[in-house]
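For reference, the structure is listed below as structure tokens.
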Number of protein chains: 2
Amino acid sequence: MKPKKRTTIYDIAQKLNVTPSSVSRALNNSNYVNEATKKLILKTAEELNYKRNTMASNLRKGQSKTIGVVVPRINQNYFANIIAGIEDATYKQGYNLIICQSNESYEKEVQSINTLINQHVDCIVISVSIESNNHKHLQNVLDQNIQLIQFDRVADELETLKVINDNEQASFEAVDHMIEQGYKRIALLEGPQNVDIFRQRKKGYLQALAKHNIPVIDELIVENTWTKELGAKGTRQLLSLPEPPDAIFASVSDFSALGVLEVATDMNFKVPSQLGICGYSNEDFTEITSPSITTIDQFSFYMGKTIANLYFQEMENNDTVVVPKIISIKPKLIIRSSTMKKKGK
Amino acid sequence: MKPKKRTTIYDIAQKLNVTPSSVSRALNNSNYVNEATKKLILKTAEELNYKRNTMASNLRKGQSKTIGVVVPRINQNYFANIIAGIEDATYKQGYNLIICQSNESYEKEVQSINTLINQHVDCIVISVSIESNNHKHLQNVLDQNIQLIQFDRVADELETLKVINDNEQASFEAVDHMIEQGYKRIALLEGPQNVDIFRQRKKGYLQALAKHNIPVIDELIVENTWTKELGAKGTRQLLSLPEPPDAIFASVSDFSALGVLEVATDMNFKVPSQLGICGYSNEDFTEITSPSITTIDQFSFYMGKTIANLYFQEMENNDTVVVPKIISIKPKLIIRSSTMKKKGK
DNA sequence: CTGAAAGCGCTTACAG
DNA sequence: CTGAAAGCGCTTACAG
């Protein structure tokens with residue numbers, strides 16, 4: 001493909017015997033152009049199939065109208081919905097999205113951030129990877145004066161805009177609900193404790209136990225249960241205990257909860273009568289399993305829109321009005337069959 | 001946020017008393033710089049926290065190292081995986097992805113394409129929306145000398161690179177399998193016939209019937225079954241017939257197949273003994289339903305990688321070697337419980 | 001190996 | 001309302 005030269009404002013200017021300045025003005029719908037010539041320019045642009053070169057325009061204007069998004073995985077329901085939500089809101093404002101996935105790798109996350117900085121994006125939206133303990137790269141974003149919005153998994157110590165879920169409260173409600181249903185030995189599949197949200201979920205779990213004066217039993221708390229397979233493995237371990245739990249809160253994810261359900265079925269534990277199960281995230285499939293799985297909805301699409309709108313607000317404000325720096329969205333406990341011990345299946 | 005000025009190559013040049021040319025050369029690892037000064041420049045760049053301005057660089061070089069992707073929906077498993085696959089392959093080559101979703105709207109698709117053209121992306125990857133009958137906007141991409149790769153839902157008449165699935169073959173195999181299992185009245189939930197892939201799937205269905213000398217019964221073919229709800233609606237209609245079908249091929253999507261399953265369960269049709277069900281796409285949930293749903297896997301992540309690599313090949317080739325313009329990936333029939341009439345549930 | 005200069009395509013103060 | 005000119009930050013032929 002030989003890159004045939006595209007039409008520029010010079011081509012239009014030449015053809016009409018006006019200056020590029022006027023063409024630019026017309027194209028930007030400025031008032032400082034004669035109405036007649038403006039129309040003529042617009043018409044000619046159309047004829048010559050003119051397309052503005054956004055790179056040039058942005059370079060000159062010192063902005064990019066682009067938002068960078070870094071997520072652990074694009075092809076995970078929760079993140080896909082976040083992105084769809086952001087896209088939905090930014091699209092209307094003429095913004096573009098550059099998407100990067102960290103694949104939960106610290107190294108790739110750093111590299112993604114650098115790419116986005118080089119691209120001069122106006123804003124970077126990120127949910128940090130599990131591997132990321134160090135946040136120099138995020139500090140770097142701030143140093144470059146790029147707006148930074150963290151969501152879901154956030155680096156607490158960095159003072160940035162944040163859109164989060166109240167994980168602690170949601171987890172508390174989930175476990176509280178299970179206790180109310182009559183479960184007495186509730187196990188926890190927990191996420192990596194270097195990540196904020198997983199610490200919070202554990203807190204909620206502990207809080208609910210405390211409220212009901214239920215002792216914390218260490219052997220009922222299992223680490224490293226991230227995937228379906230790991231969730232299954234943890235469950236096998238739990239259900240083989242001399243005194244197995246009568247409920248499992250897969251606080252790390254619905255995928256993990258799915259592993260729980262499969263092992264439970266396999267080992268002939270009746271759900272929910274012998275074993276209650278609660279997951280996290282309200283993945284589509286939780287509604288479809290049998291029994292359906294109780295879980296926590298995070299309103300991901302809405303969260304995406306919120307993130308985008310937060311950015312636009314911050315831009316408009318220009319430091320005149322103070323905007324809240326942290327928006328917490330209350331997730332919702334979705335009670336399904338897998339924890340309905342009382343009311344029967 | 002007052003945009004504090006970023007470090008440019010001029011700042012580095014000034015500090016070291018060399019010209020911007022040399023700085024640029026050093027930064028691009030050119031051989032035409034003294035090794036010592038190169039090292040010095042690199043070190044200083046680091047110190048001053050220099051970040052290249054990709055916009056400026058690209059403008060000058062007349063490329064963007066950016067690929068635009070337009071899909072109907074980001075938050076649909078199939079497309080999310082395609083995107084993840086593309087990202088995985090392009091990332092390694094230092095390319096960025098700009099993502100747009102058409103939301104199945106023609107208008108938004110056109111607008112997305114225009115944005116991408118303005119951004120001077122090097123390549124546009126698209127799966128057209130259901131609404132898109134007109135393909136002027138795609139022709140426009142070609143006219144601007146931008147590489148265009150269509151995938152999945154393609155505009156046949158446009159001579160572009162294409163990565164597709166052999167929908168006809170896969171559908172044939174699915175229906176053939178159902179017939180082998182002993183189903184005799186197989187209904188079809190079909191997709192919009194203005195879209196290529198849905199026409200092909202119908203063809204495969206008809207072909208399988210023909211092979212086994214089974215007559216085509218018009219009332220067993222239902223249009224407009226896109227979503228779970230519409231699939232359910234179509235199924236209710238089918239199962240209420242005086243002579244209802246004994247199997248339903250939800251060729252349009254797994255979501256539709258899910259609707260079929262729910263209505264069947266509701267109306268007390270035993271699956272698979274009284275009613276066989278086959279979907280399309282191998283969405284995660286098809287493995288989890290009870291019974292699990294037979295479906296067709298399209299290798300979406302792999303398709304994404306293929307798309308990206310096709311682009312890179314085409315770039316390298318530079319018209320010297322001829323590359324195949326259409327890559328067809330053979331999907332795989334995943335046989336699960338919902339069609340296992342013979343071998344029992 | 002290095003510098004001076006032009007230019008990628010646009011926008012915008014400045015002057016009239 | 002219009003033009004001439006400078007400049008966004010970089011790269012790259014050209015000359016030495």
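Everything numeric here is computed off the predicted structure, so don't read it as measured data. Here is how names work: the chains are called A, B, and so on, in the same order as the sequence lines, proteins then strands, and each is numbered from 1.
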Margin query: With side-chain hydrogen bond (donor to acceptor under 3.5 Å, both in side chains) as the criterion, how do B:Gln139 and B:Asp143 come out once you've worked through the C-alpha distance, each side chain's angles and the decisive distance to 0.1 Å?
Written below: CA-CA 6 Å; B:Gln139 184 56 53; B:Asp143 292 346; 3.1 Å; yes
*Checking all strands, does A:Asn31 fall into the base, sugar-phosphate, or nothing category for heavy-atom contacts under 4.0 angstrom?*
sugar-phosphate
From the candidates C:dC10, D:dC10, C:dA4, the one with an atom nearest any side-chain atom of B:Ser21 is C:dA4
Between the CD atom in B:Glu35 and the CG atom in B:Leu40, the distance rounded to the nearest 0.5 Å is 12.0 Å
Open item on the list: Whether B:Thr19 contacts C:dG3 is assessed here as follows: a side-chain N or O lying under 4.0 Å from the phosphate OP1 or OP2. Is that the case?
Closed with: yes
Separation of C:dC10 atom P from A:Lys61 atom NZ, nearest Å, is 12 Å
Checking A:Glu159, A:Lys162, A:Gln150 against A:Ile326 for side-chain contact (heavy atoms from CB on, under 4.5 Å), the one that qualifies is A:Lys162
query = Is B:Arg25 touching bases, backbone alone, or none of the nucleic acid, heavy atoms closer than 4.0 Å?
reply = base
Atom C1', compared across D:dG16 and D:dT12: separation rounded to whole Å: 16 Å
In the structure I gave you, are the side-chain heavy atoms of B:Ile124 and B:Ile149 within less than 4.5 Å of one another anywhere?
no
- Going through the distances and angles, do A:Asn28 and A:Arg52 end up as a side-chain hydrogen bond (donor to acceptor under 3.5 Å, both in side chains)? CA-CA 10 Å; A:Asn28 288 307; A:Arg52 168 195 261 113; 2.3 Å; yes
A:Tyr10 atom OH is separated from C:dG7 atom C1', nearest whole Å, by 10 Å
Of B:Asn17 and A:Ala56, the one whose nearest nucleotide on DNA chain C sits closer to the 5' end is B:Asn17
Atom CD1 of B:Ile9 and atom C1' of C:dC8 are separated, to the nearest Å, by 14 Å
Do the side-chain N or O atoms of A:Tyr32 get closer than 4.0 angstrom to the phosphate oxygens (OP1, OP2) of C:dA13? no
| Hey, does B:Ser22 reach any base, or is it just sugar-phosphate, or nothing, if we go heavy atoms under 4.0 Å? | sugar-phosphate
Rounded to whole Å, the CD-P distance (A:Gln119 to D:dC8) equals 20 Å
Problem - Aromatic B:Tyr91 / basic A:Lys108 pairing, under 6.0 angstrom, 45° off normal - result: yes
Any strand, both distances under 3.5 Å, Watson-Crick or G-U wobble: D:dT2 pairs with C:dA15
Here the distance between atom P of D:dG9 and atom CG of B:Leu27, to the nearest Å, is 15 Å
note: A:Leu16, atom CG; D:dG3, atom C1'; distance rounded to Å ~ 15 Å
Taken to the nearest whole Å, CG/A:Leu59 to P/D:dG7 is 14 Å
Between CG of A:Asn58 and P of C:dC10 the distance, given in whole Å, is 12 Å
With a non-hydrogen cut-off below 4.0 angstrom, is A:Thr8 in contact with a base, only sugar-phosphate, or nothing?
-> sugar-phosphate
For a quick check of understanding: with a heavy-atom distance under 4.0 Å over all strands, which category does B:Ser24 fall into, base, sugar-phosphate or nothing? base
### Query
With a 4.0 Å cut-off on heavy atoms, is B:Thr37 in touch with a base, just the backbone sugar-phosphate, or nothing at all?
sugar-phosphate
Practice item. Quote, to the nearest angstrom, the P distance that separates C:dC10 from C:dC14. Key: 24 Å
